[in-house]
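Shown next, in structure tokens, is the structure this report addresses.
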2 protein chains.
Amino acid sequence: MENVTIRMLAERLQLSTATISKALNNSHEISEETRQRVLALAAELNYVPNPYASSLRKKASNTIAVVIPEVADSFFAEAINGIEAVAQEKGYHVLIYLSHENSQKEQTILKDFQSGRVDGVLISVTTETTAAGLEQLVRDKPVVFFDRVCEEVKAAKITTDDAAAAYRATNHLIAGGCRRIGLLSASRQLSISNKRAEGFQQALLDHQLPLLPNAITYCTNDSAANHQLLKTAFLENNYDGIIATTEKLSTAVYEVCEALQWRIPDDLQVIGFSNLSTARFLHPSLTTITQPAFEMGKAAATLLFRALKSNNFPLQQQQEVIPSSLIARNSTLAKDK
Amino acid sequence: MENVTIRMLAERLQLSTATISKALNNSHEISEETRQRVLALAAELNYVPNPYASSLRKKASNTIAVVIPEVADSFFAEAINGIEAVAQEKGYHVLIYLSHENSQKEQTILKDFQSGRVDGVLISVTTETTAAGLEQLVRDKPVVFFDRVCEEVKAAKITTDDAAAAYRATNHLIAGGCRRIGLLSASRQLSISNKRAEGFQQALLDHQLPLLPNAITYCTNDSAANHQLLKTAFLENNYDGIIATTEKLSTAVYEVCEALQWRIPDDLQVIGFSNLSTARFLHPSLTTITQPAFEMGKAAATLLFRALKSNNFPLQQQQEVIPSSLIARNSTLAKDK
DNA sequence: TTTATTTACTTAACCGATTAAGTAACACGG
DNA sequence: CCGTGTTACTTAATCGGTTAAGTAAATAAA
């Protein structure tokens, strides 16, 4: 059986396609009786409207894009859950794109959005992304940045309290007796990385602790390379405390400690930015800065849909900071929360 | 600036829209000189074709759908990575839909696909799904099931060696001295759950061990309820070994053991189906059946794209079983692999 | 009773690309 | 010199909805 179109419905009911369309869209121009007849036949023939025809004409796709570096990180996985929950409720479709931490790929993805394929975009940028490629996108259509935002771009942003979280993390290590603290950063570019670094440095300053010359290690996206990088950094700096600012780096710390036979927390206290539900079962259980990933995704999507609904909503001025929480476990010694 | 269309290019170059379209699609009907002029102007004006116009006419969307129960499970997260990698390479777009383990929602999602929104579907069904709702989908368009397949439906399937994996897991526990082994199952319906149960029972049989009356616990999708369910089952059956057939259930076992103050592996040996990269750092490190999630996603997508390329490809006959591996760690006692 | 308004439709243009069918200009073999 | 191809285009229909503008009939207002 061919695909059922509006024209087929029209012919069967001896009505015009316009009437069918309006009936299906609950236009007040259509009598209740006719509407019911249309709806009945549509149900009977299992009519499903062609989204491409509709999108073409209406210049709206009922589709949003989610652009993230990867999904294999429980933060992004949870964020997608939050986004999808809102999108499903609003009847929107979600296109997912992975930039694989590659700003070139990201640019290619974003360029395609000029086609009108999506009505709005939720994005968490790569570690390499600069403002340049984002300006146009933000000018063109509703965009909400979440987690990995781009400071220089004026746009809606959902973040966590990155500086404060790092500050708390550092304090926590200091309270646990650490004096040679290192920070593992994912990027020199990312504003959230820089904010975390700032919070870290501020805490050291406030406690009159010196910033080690190599206190901050900038990691790459290659886990083998990172492993080597960390090993070297650990040995050279003889840290007694470390803050891993991403989930992958948290795991990497455990690996390197195992390789170096450093005991956590005796030789090295560890605190990691992570959303792993298994953090409490790690050996030793990992003290985490846990971001409200699901809520952040939900908040970002909610903001976007609000902008899509009323186009005079001042989306670009929206900023929301959702606090993260420090959960003290056995990879650190301090008792405070 | 308005969106650049093919007509604008045509007017500027004093050519017909047909010529522009053909030039952009590398038709042999167009002279090299003209093609270059078109390409140059398109690049200059930053022309991006409207996908909806093109899809409407060509009746092909260059888009596939991925329907999964959720992403907050490292198996699905990794699988998406695999799928997206292939899709990006082939120039396809990926719509993601979460069924939230709800077959009603799943049906709603699948029904929409009759609209022609997507050219093909990759799906891992819910714990409740029955064959009924899937027949039509498979008839309508290319579909590849992965991991959670539906046995009764004749369609392409990518799975792991579920029965064999459970058989190995059970053997492993027996080798470690377990005699009262339980299995935590995610569903009564799911074929992969049933296969895992079969492998489990076969191994018991082969070792002349009795199947405990409540050897198999069927869990729900509610983690609080599961917690209670497991607690009761553990206490009633006094297991000395347990196989958790999903990642979430693996974590749940750790939680329940903590609550009951059962020590792993002394009081209970645990083996879990899981793709967590942190399994080795759990306390104690978790013996896992690890599925090649990325590869499965990749294989499923590859199969789908092959079918999309040549429509005489016998997709429905394709079956691929990608072996999983048992990684022995400290949550079990056996030394074998 | 006449005019204005409302109701319930229809007609036809339109969204932006693709493509079947048509054509003018030119080349070439016999 | 004629017919047949080939090249490089154009014309116009088409995909399947949506919507501005039009209309006939019924109803309300003057």
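We name chains A, B, ... by the order of the sequence lines, and we start the count at 1 in each one.
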task: To the nearest Å, give me how far apart CD (B:Gln14) and C1' (D:dC9) are.
output: 14 Å
- line: When rounded to whole Å, the OH to P distance for the pair A:Tyr52 and D:dG17 reads 14 Å
task: Look at the side-chain N and O atoms of B:Lys59 and state whether any lies under 4.0 Å from the OP1 or OP2 oxygen of D:dG16.
output: yes
field: Pairwise 5' ranking along DNA chain D for B:Arg57 and B:Ser31, keeping only the more 5' one
entry: B:Ser31
- prompt: Atom CD in B:Glu135, atom SG in B:Cys150: separation rounded to 0.5 Å?
  reply: 8.0 Å
- prompt: Which part of the nucleic acid does B:Ser55 contact within heavy-atom distance under 4.0 Å: base, sugar-phosphate only, or nothing?
  reply: nothing
query: Of all of residues 19-27 of chain B, which get a heavy atom below 4.0 angstrom from DNA chain C, listed by number?
result: B:Ser21, B:Lys22, B:Asn25
message: Is the phosphate of C:dA17 approached by B:Ser54 (side-chain N or O, under 4.0 Å from OP1 or OP2)?
response: no
query: In whole angstroms, how far is the P atom of C:dT19 from the CD1 atom of B:Ile6?
result: 11 Å
- line: Note: B:Thr126 and B:Asn102 closest approach over all heavy atoms is CG2-N, 3.7 Å
message: Just the rounded figure in Å: distance from C1' of C:dC15 to CE of B:Met8.
response: 15 Å
- prompt: Whole-Å distance between C:dG16 C1' and B:Asn50 CG?
  reply: 6 Å
- request: Among C:dA12, D:dT11, D:dG16, find the nucleotide with the atom closest to the side chain of A:Leu56.
  value: D:dG16
task: Mark yes or no for whether B:Ser310, through its side chain, and B:Asn312, through its backbone, hold a donor-acceptor pair below 3.5 Å.
output: no
B:Asn3 CG to C:dA17 C1', straight-line distance once rounded to whole Å: 13 Å
message: For A:Gln189 and A:Thr127, which I'm curious about, is there any donor-acceptor pair between the side chains at under 3.5 Å?
response: no
- request: Using a strict cut-off of less than 4.0 Å between a Lys/Arg side-chain nitrogen and an Asp/Glu carboxylate oxygen, indicate whether A:Arg117 and A:Asp112 qualify as a salt bridge.
  value: yes
- request: Please report, rounded to the nearest Å, how far the P atom of D:dT6 is from the CD atom of B:Glu29.
  value: 14 Å
message: Measure NZ/B:Lys58 against C1'/D:dG16 and give the value in whole Å, please.
response: 17 Å
- request: Could you tell me whether A:Lys298 and A:Glu295 have a side-chain N and a carboxylate O separated by less than 4.0 Å?
  value: no
message: Under a 4.0 Å threshold between the charged nitrogen and the carboxylate oxygen, would B:Glu29 count as salt-bridged to B:Arg35?
response: no
